[in-house]
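Have a look at the structure that comes next, please.
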There are 2 protein chains.
Amino acid sequence: MAQNKSDLFGNEEIQLANLAKALAHPARIKILKILMDTNVCMCGQIVDRLPLAQATVSQHLRELKQVGLIQGEIEGPKTCYCLNPDNIKSAKEHFTQLFSSICNC
Amino acid sequence: MAQNKSDLFGNEEIQLANLAKALAHPARIKILKILMDTNVCMCGQIVDRLPLAQATVSQHLRELKQVGLIQGEIEGPKTCYCLNPDNIKSAKEHFTQLFSSICNC
DNA sequence: GCTCACTATCGTATATTTACGATTAACGAT
DNA sequence: ATCGTTAATCGTAAATATACGATAGTGAGC
(Lines give C-alpha, C1' and ligand atoms only; values in the text may rest on other atoms or scores of the structure.)
Protein backbone atom coordinates (compact mmCIF):
# COMPACT_ATOMS: atom_id res chain seq x y z
CA MET A 1 0.00 0.00 0.00
CA ALA A 2 0.86 3.68 -0.02
CA GLN A 3 2.17 3.74 -3.52
CA ASN A 4 1.97 7.28 -4.74
CA LYS A 5 -1.14 8.11 -6.71
CA SER A 6 -0.23 11.73 -7.34
CA ASP A 7 0.28 11.10 -11.03
CA LEU A 8 -3.36 10.21 -11.43
CA PHE A 9 -4.24 13.87 -11.15
CA GLY A 10 -4.04 16.73 -13.61
CA ASN A 11 -0.84 18.58 -14.42
CA GLU A 12 -2.18 21.77 -12.94
CA GLU A 13 -2.85 20.13 -9.59
CA ILE A 14 0.47 18.31 -9.55
CA GLN A 15 2.46 21.42 -10.36
CA LEU A 16 0.73 23.49 -7.72
CA ALA A 17 1.06 20.72 -5.16
CA ASN A 18 4.80 20.58 -5.83
CA LEU A 19 5.12 24.30 -5.36
CA ALA A 20 3.11 24.11 -2.16
CA LYS A 21 5.29 21.26 -0.95
CA ALA A 22 8.36 23.42 -1.42
CA LEU A 23 6.77 26.06 0.81
CA ALA A 24 5.53 23.51 3.32
CA HIS A 25 8.37 23.96 5.79
CA PRO A 26 9.09 27.04 7.91
CA ALA A 27 12.81 26.78 7.21
CA ARG A 28 12.27 27.06 3.48
CA ILE A 29 10.00 30.08 3.84
CA LYS A 30 12.57 31.64 6.12
CA ILE A 31 15.31 31.00 3.57
CA LEU A 32 13.35 32.84 0.90
CA LYS A 33 12.92 35.79 3.22
CA ILE A 34 16.59 35.80 4.15
CA LEU A 35 17.56 35.85 0.49
CA MET A 36 15.24 38.79 -0.10
CA ASP A 37 15.78 40.86 3.05
CA THR A 38 19.52 40.61 3.46
CA ASN A 39 22.07 40.71 0.74
CA VAL A 40 23.31 37.41 1.95
CA CYS A 41 23.61 34.61 -0.50
CA MET A 42 26.19 32.07 0.58
CA CYS A 43 25.13 28.81 2.11
CA GLY A 44 27.18 29.34 5.26
CA GLN A 45 25.56 32.68 5.96
CA ILE A 46 22.14 31.12 5.62
CA VAL A 47 23.16 28.32 7.95
CA ASP A 48 24.21 30.94 10.52
CA ARG A 49 20.70 32.39 10.48
CA LEU A 50 18.86 29.10 10.95
CA PRO A 51 18.69 26.67 13.90
CA LEU A 52 19.67 23.78 11.67
CA ALA A 53 22.81 21.94 10.72
CA GLN A 54 24.63 22.69 7.51
CA ALA A 55 23.62 19.43 5.87
CA THR A 56 19.97 20.06 6.62
CA VAL A 57 20.06 23.58 5.24
CA SER A 58 21.75 22.28 2.11
CA GLN A 59 18.88 19.83 1.67
CA HIS A 60 16.28 22.58 2.02
CA LEU A 61 18.18 24.72 -0.47
CA ARG A 62 18.17 21.85 -2.93
CA GLU A 63 14.41 21.49 -2.66
CA LEU A 64 13.86 25.17 -3.26
CA LYS A 65 16.20 24.93 -6.22
CA GLN A 66 14.42 21.89 -7.62
CA VAL A 67 11.12 23.73 -7.96
CA GLY A 68 12.98 26.73 -9.33
CA LEU A 69 12.23 29.28 -6.61
CA ILE A 70 15.94 29.90 -6.14
CA GLN A 71 19.05 29.35 -8.18
CA GLY A 72 22.59 28.69 -7.07
CA GLU A 73 25.78 29.58 -8.84
CA ILE A 74 28.92 27.83 -7.79
CA GLU A 75 31.81 30.24 -7.29
CA GLY A 76 34.78 28.15 -6.50
CA PRO A 77 34.29 26.50 -3.12
CA LYS A 78 31.34 28.75 -2.35
CA THR A 79 27.86 28.76 -3.77
CA CYS A 80 25.91 31.95 -4.25
CA TYR A 81 22.19 31.44 -3.96
CA CYS A 82 19.63 33.93 -5.09
CA LEU A 83 15.94 34.16 -5.73
CA ASN A 84 14.64 33.39 -9.18
CA PRO A 85 12.20 36.26 -9.78
CA ASP A 86 10.71 34.82 -12.95
CA ASN A 87 9.72 31.57 -11.32
CA ILE A 88 8.57 33.28 -8.14
CA LYS A 89 6.34 35.45 -10.24
CA SER A 90 5.04 32.40 -12.02
CA ALA A 91 4.43 30.65 -8.70
CA LYS A 92 2.60 33.69 -7.41
CA GLU A 93 0.36 33.64 -10.45
CA HIS A 94 -0.35 29.95 -10.01
CA PHE A 95 -1.45 30.48 -6.43
CA THR A 96 -3.45 33.56 -7.32
CA GLN A 97 -5.21 31.59 -10.02
CA LEU A 98 -5.99 28.77 -7.63
CA PHE A 99 -7.43 31.10 -5.04
CA SER A 100 -9.52 33.03 -7.52
CA SER A 101 -10.81 29.76 -8.94
CA ILE A 102 -12.00 28.56 -5.54
CA CYS A 103 -13.20 31.84 -4.10
CA ASN A 104 -14.56 35.12 -5.39
CA CYS A 105 -12.67 37.37 -3.07
CA MET B 1 17.57 12.36 14.97
CA ALA B 2 14.83 13.87 12.86
CA GLN B 3 12.95 15.39 15.72
CA ASN B 4 10.87 18.21 14.40
CA LYS B 5 12.45 21.64 14.68
CA SER B 6 9.60 23.51 13.07
CA ASP B 7 8.71 25.21 16.34
CA LEU B 8 12.03 27.01 16.35
CA PHE B 9 10.75 29.30 13.65
CA GLY B 10 8.46 32.32 13.74
CA ASN B 11 4.69 32.07 13.89
CA GLU B 12 4.32 33.59 10.47
CA GLU B 13 6.53 30.98 8.87
CA ILE B 14 4.87 28.12 10.73
CA GLN B 15 1.38 29.24 9.82
CA LEU B 16 2.21 29.66 6.17
CA ALA B 17 4.03 26.36 6.08
CA ASN B 18 0.96 24.63 7.50
CA LEU B 19 -1.25 26.20 4.89
CA ALA B 20 1.18 25.18 2.18
CA LYS B 21 1.28 21.66 3.55
CA ALA B 22 -2.50 21.45 3.23
CA LEU B 23 -2.16 22.38 -0.44
CA ALA B 24 0.80 20.09 -0.98
CA HIS B 25 -1.15 17.20 -2.47
CA PRO B 26 -2.96 17.14 -5.82
CA ALA B 27 -5.96 15.38 -4.31
CA ARG B 28 -6.53 18.18 -1.83
CA ILE B 29 -6.29 20.86 -4.50
CA LYS B 30 -8.69 18.86 -6.62
CA ILE B 31 -11.11 18.59 -3.70
CA LEU B 32 -11.16 22.36 -3.31
CA LYS B 33 -11.90 22.75 -7.00
CA ILE B 34 -14.65 20.14 -6.89
CA LEU B 35 -16.29 21.92 -3.99
CA MET B 36 -16.19 25.16 -5.92
CA ASP B 37 -17.03 24.01 -9.44
CA THR B 38 -19.79 21.53 -8.79
CA ASN B 39 -22.53 21.91 -6.25
CA VAL B 40 -21.49 18.62 -4.83
CA CYS B 41 -20.68 18.47 -1.18
CA MET B 42 -21.11 15.00 0.22
CA CYS B 43 -18.11 12.86 0.92
CA GLY B 44 -19.31 10.03 -1.32
CA GLN B 45 -19.68 12.30 -4.30
CA ILE B 46 -16.17 13.58 -3.80
CA VAL B 47 -14.90 10.02 -3.55
CA ASP B 48 -16.58 9.25 -6.88
CA ARG B 49 -14.60 12.00 -8.54
CA LEU B 50 -11.21 10.96 -7.21
CA PRO B 51 -9.06 7.88 -7.91
CA LEU B 52 -8.77 7.16 -4.21
CA ALA B 53 -10.50 4.99 -1.63
CA GLN B 54 -13.12 6.41 0.70
CA ALA B 55 -10.88 6.23 3.75
CA THR B 56 -8.12 8.12 1.97
CA VAL B 57 -10.44 10.87 0.80
CA SER B 58 -11.81 11.20 4.31
CA GLN B 59 -8.26 11.72 5.54
CA HIS B 60 -7.60 14.43 2.96
CA LEU B 61 -10.87 16.11 3.90
CA ARG B 62 -9.85 16.11 7.53
CA GLU B 63 -6.57 17.82 6.73
CA LEU B 64 -8.30 20.53 4.74
CA LYS B 65 -10.73 20.95 7.61
CA GLN B 66 -7.92 21.15 10.16
CA VAL B 67 -6.38 24.20 8.52
CA GLY B 68 -9.83 25.67 8.06
CA LEU B 69 -10.02 25.77 4.28
CA ILE B 70 -13.22 23.75 4.34
CA GLN B 71 -15.89 23.00 6.89
CA GLY B 72 -18.15 19.97 7.23
CA GLU B 73 -21.61 19.81 8.66
CA ILE B 74 -22.96 16.46 9.67
CA GLU B 75 -26.48 15.87 8.40
CA GLY B 76 -27.56 12.58 9.76
CA PRO B 77 -25.44 9.81 8.27
CA LYS B 78 -24.09 12.16 5.60
CA THR B 79 -21.64 15.00 5.88
CA CYS B 80 -21.94 18.10 3.78
CA TYR B 81 -18.60 19.73 3.09
CA CYS B 82 -18.19 23.22 1.82
CA LEU B 83 -15.48 25.81 1.36
CA ASN B 84 -14.79 28.28 4.13
CA PRO B 85 -14.57 31.56 2.21
CA ASP B 86 -13.28 33.61 5.14
CA ASN B 87 -10.33 31.35 5.77
CA ILE B 88 -9.62 30.92 2.08
CA LYS B 89 -9.50 34.66 1.77
CA SER B 90 -7.17 34.83 4.73
CA ALA B 91 -4.96 32.14 3.21
CA LYS B 92 -4.88 33.99 -0.07
CA GLU B 93 -3.75 37.11 1.72
CA HIS B 94 -1.04 35.22 3.56
CA PHE B 95 0.37 33.86 0.32
CA THR B 96 0.06 37.21 -1.40
CA GLN B 97 1.95 38.81 1.45
CA LEU B 98 4.68 36.20 1.25
CA PHE B 99 5.13 36.64 -2.45
CA SER B 100 5.17 40.40 -2.29
CA SER B 101 7.69 40.22 0.52
CA ILE B 102 10.07 38.08 -1.53
CA CYS B 103 9.57 39.63 -4.92
CA ASN B 104 8.54 42.99 -6.32
CA CYS B 105 6.29 41.71 -9.03
C1' DG C 1 51.98 19.54 -4.44
C1' DC C 2 49.36 20.68 0.35
C1' DT C 3 46.04 22.89 3.31
C1' DC C 4 41.99 25.63 4.39
C1' DA C 5 37.36 27.05 3.81
C1' DC C 6 33.06 26.02 2.03
C1' DT C 7 29.33 23.15 0.31
C1' DA C 8 27.22 18.80 -1.55
C1' DT C 9 26.31 14.22 -0.87
C1' DC C 10 26.09 9.75 1.63
C1' DG C 11 24.43 7.00 5.22
C1' DT C 12 21.32 6.57 8.67
C1' DA C 13 17.65 7.19 12.22
C1' DT C 14 13.23 8.82 13.22
C1' DA C 15 8.86 11.13 12.11
C1' DT C 16 5.31 11.99 9.10
C1' DT C 17 2.48 11.22 5.06
C1' DT C 18 -0.05 8.43 1.96
C1' DA C 19 -3.01 4.77 1.11
C1' DC C 20 -6.15 1.04 1.91
C1' DG C 21 -9.19 -2.61 4.06
C1' DA C 22 -11.85 -3.42 8.02
C1' DT C 23 -14.47 -1.82 11.54
C1' DT C 24 -17.33 1.39 13.95
C1' DA C 25 -20.74 4.92 14.44
C1' DA C 26 -24.82 7.50 13.24
C1' DC C 27 -29.05 8.01 11.35
C1' DG C 28 -33.27 7.20 8.22
C1' DA C 29 -36.46 3.98 6.69
C1' DT C 30 -38.85 -0.08 7.06
C1' DA D 1 -35.46 -3.47 16.39
C1' DT D 2 -33.19 -4.38 12.16
C1' DC D 3 -31.37 -3.04 7.83
C1' DG D 4 -29.12 -0.16 4.58
C1' DT D 5 -26.45 3.89 3.61
C1' DT D 6 -22.91 7.07 4.63
C1' DA D 7 -18.79 8.65 6.69
C1' DA D 8 -15.16 8.55 10.39
C1' DT D 9 -11.72 6.06 12.60
C1' DC D 10 -8.48 2.12 13.50
C1' DG D 11 -4.77 -0.64 12.19
C1' DT D 12 -1.20 -1.22 9.24
C1' DA D 13 2.20 -1.09 5.34
C1' DA D 14 5.00 1.50 2.47
C1' DA D 15 6.84 5.86 0.90
C1' DT D 16 8.59 10.29 1.83
C1' DA D 17 10.42 14.04 4.69
C1' DT D 18 13.34 15.75 8.31
C1' DA D 19 17.58 16.00 10.52
C1' DC D 20 22.36 15.20 11.47
C1' DG D 21 27.28 13.44 11.49
C1' DA D 22 30.67 11.94 8.49
C1' DT D 23 32.72 12.09 4.20
C1' DA D 24 33.76 13.73 -0.40
C1' DG D 25 34.60 17.34 -3.60
C1' DT D 26 36.04 21.98 -5.29
C1' DG D 27 38.85 25.72 -5.82
C1' DA D 28 41.78 29.61 -3.64
C1' DG D 29 46.09 30.50 -1.65
C1' DC D 30 50.51 29.14 -0.06
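Proteins get letters first, then strands, A, B, ... in listed order; numbering begins at 1 in each.
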Subject >> Distance test, side-chain N/O of A:T56 to OP1/OP2 of D:dC20, below 4.0 Å >> reply: yes

Subject >> Distance in angstrom units between A:L52 CG and D:dG21 C1', rounded >> reply: 14 Å

Original post:
Within less than 4.0 Å of OP1 or OP2 of C:dC6, is there a side-chain N or O belonging to A:T79?
Top reply: no

Subject >> Protein-nucleotide distance (A:L50, atom CG; D:dA19, atom P), rounded to Å >> reply: 11 Å

Subject >> Side-chain N or O of A:Y81 closer than 4.0 Å to phosphate OP1/OP2 of C:dC6 >> reply: no

Original post:
To the nearest 0.5 Å, what is the distance between CD1 (B:I14) and CD (B:E12)?
Top reply: 11.0 Å

**OP:** By nearest nucleotide on DNA chain D, pick out whichever of A:Q54 and A:A27 is the more 5' one.
**Re:** A:A27

Original post:
Considering heavy-atom distances to DNA chain C, does A:K21 or A:Q45 have its closest nucleotide positioned more toward the 5' end?
Top reply: A:Q45

**OP:** Calculate, to the nearest 0.5 Å, the distance between atoms CG and NE2 belonging to B:N18 and B:H94 respectively.
**Re:** 11.0 Å

Subject >> Interatomic distance, B:E63 CD vs C:dT17 P [rounded to whole Å] >> reply: 7 Å

Original post:
What's the spacing between A:N4 CG and B:H25 NE2 if we round to 0.5 Å?
Top reply: 6.0 Å

Filtered N/O pairs between nucleotides 26-30 of chain C and protein, under 3.5 Å:
none

Original post:
What is the distance from atom CD1 of B:I31 to atom CD1 of A:I102, rounded to the nearest 0.5 Å?
Top reply: 12.0 Å

Original post:
Nearest-Å distance, CD (B:Q66) to C1' (C:dT17)?
Top reply: 13 Å

Original post:
If you measure from CD1 on A:I70 to NE2 on A:H60, what distance do you get to the nearest 0.5 Å?
Top reply: 11.5 Å

**OP:** Take atom CD of A:Q59 and atom P of C:dT12, then tell me their distance rounded to the nearest Å.
**Re:** 15 Å

**OP:** State whether A:S58 places a side-chain N or O below 4.0 Å from either non-bridging phosphate oxygen (OP1 or OP2) of C:dT7.
**Re:** no

Original post:
Of A:A55 and A:R28, whose closest DNA chain D nucleotide lies nearer the 5' terminus?
Top reply: A:R28

Original post:
In Å, rounded to the nearest 0.5 Å, how long is the span from CD of A:Q45 to CG of A:L35?
Top reply: 10.0 Å

Subject >> Value in whole Å for how far the P atom of D:dA7 lies from CG of B:L64 >> reply: 16 Å

Subject >> Short side-chain N/O contact to D:dA7 OP1/OP2 from B:R62, under 4.0 Å >> reply: no

Subject >> Nearest-nucleotide comparison on DNA chain C, the residue closer to the 5′ end among A:K78 and B:N4 >> reply: A:K78

Original post:
For D:dA15, does OP1 or OP2 lie under 4.0 Å from any side-chain N or O of A:K5?
Top reply: no

Subject >> Spacing of B:L23 atom CG relative to C:dT18 atom C1', expressed in whole Å >> reply: 17 Å

**OP:** Please indicate whether B:N11 has more than 12 foreign heavy atoms, meaning atoms of other residues, nucleotides or ligands, lying under 6.0 Å from its CG.
**Re:** no

Original post:
A:H60 side chain N/O closer than 4.0 Å to the phosphate oxygens (OP1, OP2) of D:dA17?
Top reply: no

Original post:
Quick one: B:L61 CG to C:dC20 P, roughly how many Å, whole number?
Top reply: 14 Å

Original post:
Looking only at atom types and distance, does a side-chain atom of A:R28 sit under 3.5 Å from a main-chain N or O of A:K21, one as donor and one as acceptor?
Top reply: yes

